[in-house]
Novice: 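I'd like to ask some things about the structure below.
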Amino acid sequence: MAAPRMRGVELRPLSGALGAEVLGLDVNRLDTSGAAWLRAALLEHQLLAIRGQQLEPRSFSDFAGLLGKREVYPFSEPIDEDPFVVPIVKEPDDQEVFGGIWHTDSSYLEKPPSLTLLHAVELPVQGGDTLFANMYAVFESLSPALREVLSRLRGIYTADLVHGSSGAFAAAAGADRNRREPDDVPVEVSHPIVRTHPETGRKAIYAGLAHTREFTGFTRAESLPLLEYLDGVARLPEFGARLAWQAGTVAIWDNRCVQHYALDDYPGERRVMHRIIIAGDRPV
Ligand code: SIN
């Protein structure tokens, strides 16, 4: 169902697959009914890019708190001013970018974050876009037989593939200038491969190469071809949107039905983002 309109605010689709720019909204002045409108728009579009925000870290955090319960991200030190705001920084000489692999945030947790907010603080002159994939559409594009098989499978999800020192995709954890070693992240958790969104009731592929080690009961070697196939489908342009950041853009995405990928195409330049995650449910 389409979100009701909000006076003076325009929603402009980012692509045919997902995402909308939000124009004319000042999140510093948002009240609870505005936040409810934003949440409804997010359920419809899965990704929102609110343009032109003038936000100090504390007001970014206050705004995030209107959307749900903020959580501490286990793998990075937050900024001094606020325990929920994590800086994502790529310095000109860094060789790795944080989030440079298709993933949904922290699916290695028992209750992974429902939403992520990212505020563009300092951007390269060009590049540094983020790609997003509509994981409902990925699921719905599969043959009925594969959908049925995947719907019965569970997977082993672990932080080790990205955050472990010898992880297969350790480069996607980025340069580790803010890294901290958490003591409360489970070694592995079991989640379904196909997730039913708790608010829309729609099904989406939840698994991904970044954090899904294997299908439960299968070896990793047996699981990888199908995980790689799903990763390939998620990359298809038909299912995606590309967010070109502007200074002051605040993006919000729904990790329960979206995967994303940070582009590393701005060598020698600096990019600084502030990130907050919002608590979620145990996937079913
Ligand atoms: C992330 O993966 O959460 C960061 C994405 C980005 O920096 O564009």
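Every heavy atom of this structure was used, including side-chain atoms; hydrogens, water molecules and symmetry mates were not. First listed ligand is number 1; within each ligand, the first listed atom is number 1.
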Novice: Give a yes or no answer on whether the side chain of N178 reaches the backbone of S76 with a donor-acceptor pair at less than 3.5 Å.
Specialist: no
Novice: Could you work out, with ring pair (Phe, Tyr, Trp, His ring centres under 6.0 Å) as the rule, every residue matching W245, not counting sequence neighbours?
Specialist: none
Novice: H274: what forms a ring pair (Phe, Tyr, Trp, His ring centres under 6.0 Å) with it, not counting sequence neighbours?
Specialist: none
Novice: Given a heavy-atom cut-off of 4.0 Å, could you list the residues near ligand 1 in chain and number order?
Specialist: F98, G99, H103, D105, L118, T130, W253, H260, A262, R271, R275
Novice: For H260 and H103, which I'm curious about, is there any donor-acceptor pair between the side chains at under 3.5 Å?
Specialist: yes
Novice: Indicate, with yes or no, if the rings of H119 and F60 have centres closer together than 6.0 Å.
Specialist: yes
Novice: Apply side-chain contact (heavy atoms from CB on, under 4.5 Å) to P112 and list each qualifying residue two or more places apart in sequence or on a separate chain.
Specialist: H191, Y206, P283
